[in-house]
Structures are given as structure tokens and as C-alpha cells.
Amino acid sequence: MMDVVVIGAGQAGAALVAKLRALGHEGSITLIGDETAPPYQRPPLSKAYLLGEMEEERLWLRGPDFYTEHNITLKLGDKVSAIEPITRKVMIGNDIIPYDELVLTTGSYPRRLPSNIGGDLAGIYTVRSLADVDAMKPEFAAGRRLVVIGGGYIGLEAAAVGAKLGLDVTVIEMAPRILQRVAAPETSDYFRALHTAHGVKILESTGLERILGEGHVSGVRLSDGSELPADFIIAGVGILPGTGLAEAAGLAIENGIKTDEFGRTSDPHIWSAGDCASFPHKGGRWRLESVGNAIHQAETVAENIMGAGVVYEAQPWFWSDQYDCKLQIAGLNVGYDNIVTRGPDGGSVSFWYFQGDTLLAVDAMNDPRAYMVGKRLIENGKSPSKAALSDPATEMKALLKA
């Protein structure tokens, strides 16, 4: 029987081991994670969990009993020190775990602020793990001053929590606008207005020169020479794929751990899925940082370990919760050259990304119908009439018949 070892007990790793058992895999399965909590969902960390609206147990993807019942060895709080591809062994300190097939679902980790500008001071946090959020939770007391570095979705979600809890919040974004790397100006404008209405100060085209303080953060000096006081800082300046083990094992790296269309790495007995893995897509090499990709790609790898030979076809979707706004995103907007706006209709509005007349993606704010219709159109390779799309008299379902 085939023994499978999975390194990385996040969304992808948990999905993969469950799928293997569902497909009838009878060999041993070992899931290794360096955190002490069982596999859990990360998106609520910067939203409901940070707000205190969700307990830790509700974050868990499955209860610990699931792994016992399905004969999955769950090794938590263990850090893999090395992979030996030739002998097919995984090393955890002095412990050796042999494998027939190995899967790397090592996720990603947050970029840190440079130590030479004060990035090592106490009071600076990132939002990635349960431990990260548990450490910063006590800081969220009304009246305290929070500076968020980075106007991406993670930074804005943390800013929204701070504003809701009565903190004095400032977001610093080096680019000309928030969300510039991931969204159209229309979406940036929407969220800038939303945060401003809740009292958050947003400073765009503003760099960070230095973090001030002795031992602990006391403020920041900006690129224009001005200074802001800060009781604590959240750095939301991006994430990097977890490729360290793969690199040390001699696997090919290209925008993450390089896999083929089946999820196999440059070693025929090692696979990869989730944030850490890049895959061929539309003539290029893509890496997606999302729950949907982690689950779908991991389940595809599980099928292929079982011999299915299924090509991974990405179907990107994302979401973000800020205040009373739920943003849902379908598709990828890479290469868009024009935007069609539908709405606003009450509190709902959606922005549709086109390349010429081809629909690429949709950002839907409090508009689940637009999201679902856009997702189906994109997955089916269809593009609606722009005139019909922008006409409020056109019913959303009618767009599917175009």
C-alpha cells in the first residue's frame, strides 16, 4: 500500500488528506503542521475572530475526531527539518517518516518590515496565523492608535476591525491608491469612501521612512518627513510562498514550488498545492492565494496521486468582509482594459473587468447575484453585452442567456 505524507496542515493539506480517504486510499496518511491548532480557516482571523465574534473551535476545518476516525496521523507543533528525496524520507529532528508520495502544502508567510527601519520593535504585528491574531488582540482597545502599513485587503480588513472597536486608525499606502495591485480604481474608490466614512484616515502615495520607538513602537516617520503617533502597527505588505523545504530538497522553484498541470513537482514522487505552488495556466505560470484554489488544487492532487490524471483548471474566487460590506470576486482581472459598472442599486454595486469584449472578472459589493452570474459566465467562457450589463432594467439571469 502507498504511504502518503503531507507537509503543511492548512486549508490545502486538510482538503487533500480528506479527499484521499474519500477516494478510498488505504495506505497510511500523515499530515504534519508546525502550529499546535488543528487545521483551521484563515480568512476569519482578520475579521470575525479578531472582532471576538468567533471562537477558536469554530475556525477548525474539522474536529480532531475526524482525523482519528479516518486513520490520519495528525502531527501538530512539529517542524520538518529536511526532505530526502532520494531515500524518500521526511526528517522531524531525529524522527524519520518514510513516504511513497509526498505533498507540500506549505502555504505562505507574511513579509516583514525591514529591521533597519525599526521593523524588529515590539508592537508590530502581521495577520497570518492564529498566534499572530491572539498576540495582537489585547491591543484592540478603544482610543488606542493603530497604524496599518499597506492598503491591501488584509490591511483594510484589520483597519475595519480597529474602527469598529473604536480605535484611531490610519492606513499608509505607498502606491497612488489602495488596492492598486489587485483591483480597478473603481473598487479602490469604493473602499476608500467606505473607510473614510467610518473615520479611518487613508494616506496614499505615502511611504514609510522609519518606525519610531525604543524597544516598543511609539510612532512612524513618513516619506514626507511628517510623524504619526502609534500604539501598535499592523504590517500588511504582502506574503511570500513557503518554498524553503522545497528549495533545500532541490525542487524546481518558479514563482513558488513549480508544478506541472497535474500538481507534480520536478520530483516524480513529490506534489504541491495551495499558496506555495505555481502551475501552468493560459500560457503562463500562475500562483493563487485563495481558499478556493487551495481546496480545488489539493483535491485535484489527491485524485492524481490515486492515478486519475486530471489536469488542474483554476476557477478563481475570493472575498473580503469590511464593516457591513461583503466583497465577492470571481475570476482574475489580469490584462483588463475596460470596466463596466452595474449599479449602484441601494447598497449594491458591481464592477466588471473586460479585455476588449471578453469578461475576465467581477468585483461585487453586497451583490451576491452579480457575483454568482459573473462566476458562471466566466467559468463557461461567456461574455455578456456591455450595454445590457450596465442597464439597470436588465435582469441578472438574462445575462446568462446572452
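Note that the numbering runs from 1 along the sequence shown for the chain.
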Do side-chain atoms of [X] reach the backbone of [Y] as a donor and acceptor pair under 3.5 angstrom?
| X | Y | answer |
| --- | --- | --- |
| Asn304 | Gly309 | yes |
| Thr243 | Ala246 | no |
| Arg42 | Gly10 | no |
| Gln355 | Gly335 | yes |
| Ser390 | Lys386 | yes |
| Thr105 | Gly8 | yes |
| Asp3 | Asp100 | no |
| Thr394 | Ala388 | yes |
| Lys382 | Ile378 | no |
| Asn333 | Val182 | yes |

[X] side chain near [Y] side chain, heavy-atom distance below 4.5 Å:
| X | Y | answer |
| --- | --- | --- |
| His198 | His195 | no |
| Val291 | Gln41 | no |
| Leu400 | Val373 | yes |
| Ile83 | Met91 | no |
| Ile92 | Lys75 | yes |
| Ile234 | Val127 | yes |

Between [X] and [Y], does any side-chain N to carboxylate O distance fall below 4.0 Å?
| X | Y | value |
| --- | --- | --- |
| Arg177 | Glu173 | no |
| Asp168 | Arg145 | no |
| Glu204 | Arg192 | yes |

Would His296 and Glu313 satisfy side chain to side chain donor-acceptor pair (under 3.5 Å), going step by step from the backbone distance to the final call? CA-CA 9 Å; His296 185 202; Glu313 297 288 350; over 6 Å; no
For a quick check under 3.5 Å, do [X] and [Y] share a side-chain donor-acceptor pair by atom type?
| X | Y | result |
| --- | --- | --- |
| Ser320 | Glu157 | yes |
| Tyr312 | Asn293 | yes |
| Asp363 | Thr187 | yes |
| Asp357 | Ser383 | no |
| Gln11 | Tyr40 | no |
| Ser129 | Asp132 | yes |

Which one of Phe191, Tyr371, Phe318, Trp319 satisfies the side chain to side chain contact (heavy atoms under 4.5 Å, CB included) criterion with Leu327?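 With Leu327 as partner, side chain to side chain contact (heavy atoms under 4.5 Å, CB included) holds for just one option, Phe191.
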Could you report the tightest heavy-atom contact between [X] and [Y], atom names first, then the distance?
| X | Y | answer |
| --- | --- | --- |
| Ile295 | Ala15 | CA-CB, 4.2 Å |
| Arg111 | Thr126 | O-CG2, 4.1 Å |
| Glu247 | Ile253 | CG-CG1, 3.4 Å |

Taking everything shown except [X] itself, do over 12 heavy atoms lie less than 6.0 Å from its [atom1]?
| X | atom1 | answer |
| --- | --- | --- |
| Met396 | CE | yes |
| Glu395 | CD | no |
| Glu57 | CD | yes |

Measuring from Ile97:CD1 to Asp95:CG, what's the distance to the nearest 0.5 Å? 7.0 Å
Tell me, with the steps shown, if Met306 and Glu303 meet side chain to side chain contact (heavy atoms under 4.5 Å, CB included). CA-CA 5 Å; Met306 298 293 287; Glu303 292 178 54; 5.8 Å; no
Summary of ring pair (Phe, Tyr, Trp, His ring centres under 6.0 Å) pairs that have at least one residue in [range], sequence neighbours excluded:
| range | value |
| --- | --- |
| residues 146-167 | none |
| residues 337-365 | Tyr336-Tyr353 |
| residues 91-117 | none |

Test log, rule side chain to side chain donor-acceptor pair (under 3.5 Å), inputs Ser348 and Asn366: CA-CA 5 Å; Ser348 302; Asn366 292 331; over 6 Å; no
Using the ring pair (Phe, Tyr, Trp, His ring centres under 6.0 Å) criterion, which residues pair with Phe140? Sequence neighbours excluded.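 Scan of Phe140 (ring pair (Phe, Tyr, Trp, His ring centres under 6.0 Å), adjacent residues dropped) gives Phe232.
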Go through the steps to decide whether Ile305 and Val103 satisfy the test side chain to side chain contact (heavy atoms under 4.5 Å, CB included), and finish with yes or no. CA-CA 10 Å; Ile305 288 174; Val103 189; 3.6 Å; yes
Output a table of donor-acceptor pairs, distance under 3.5 Å, between side-chain atoms of residues 261-288 and any protein atom two or more places apart or on a different chain; print 'none' if there are none.
from   : atom 1 : to     : atom 2 : distance (Å)
Arg264 : NE     : Pro268 : O      : 3.1
Thr265 : OG1    : Asp267 : N      : 3.1
Thr265 : OG1    : Asp267 : O      : 3.3
Thr265 : OG1    : Ile270 : O      : 2.8
Ser266 : OG     : Ala252 : N      : 2.9
Asp267 : OD1    : His269 : N      : 2.7
His269 : ND1    : Glu101 : OE2    : 3.0
His269 : NE2    : Arg88  : NH2    : 2.9
Trp271 : NE1    : Glu101 : OE1    : 2.8
Ser272 : OG     : Leu104 : O      : 2.8
Asp275 : OD2    : Ser108 : OG     : 2.9
Asp275 : OD2    : Arg128 : NH2    : 2.7
Ser278 : OG     : Glu254 : O      : 2.7
Ser278 : OG     : Arg285 : NH1    : 3.2
Arg285 : NH1    : Thr259 : O      : 3.0
Arg285 : NH1    : Ser278 : O      : 3.0
Arg285 : NH2    : Thr259 : O      : 3.1
Trp286 : NE1    : His281 : O      : 3.3
Arg287 : NE     : Asn255 : O      : 3.2
Arg287 : NE     : Asn255 : OD1    : 3.4
Arg287 : NH1    : Asp275 : O      : 2.9
Arg287 : NH1    : Glu289 : OE2    : 3.1
Arg287 : NH2    : Glu289 : OE2    : 3.2

Is there a side chain to side chain contact (heavy atoms under 4.5 Å, CB included) between Ile211 and Leu113 once you walk through the steps? CA-CA 9 Å; Ile211 301 166; Leu113 296 173; 3.6 Å; yes
Going by side-chain hydrogen bond (donor to acceptor under 3.5 Å, both in side chains), name the residues that satisfy it together with Asp134, two or more places apart in sequence or in a different chain. Tyr49
Run the side chain to side chain contact (heavy atoms under 4.5 Å, CB included) test on Val6 and Ile32 for me, step by step, so that the C-alpha distance in whole Å, both residues' side-chain angles and the decisive distance to 0.1 Å come before the verdict. CA-CA 6 Å; Val6 181; Ile32 306 169; over 6 Å; no
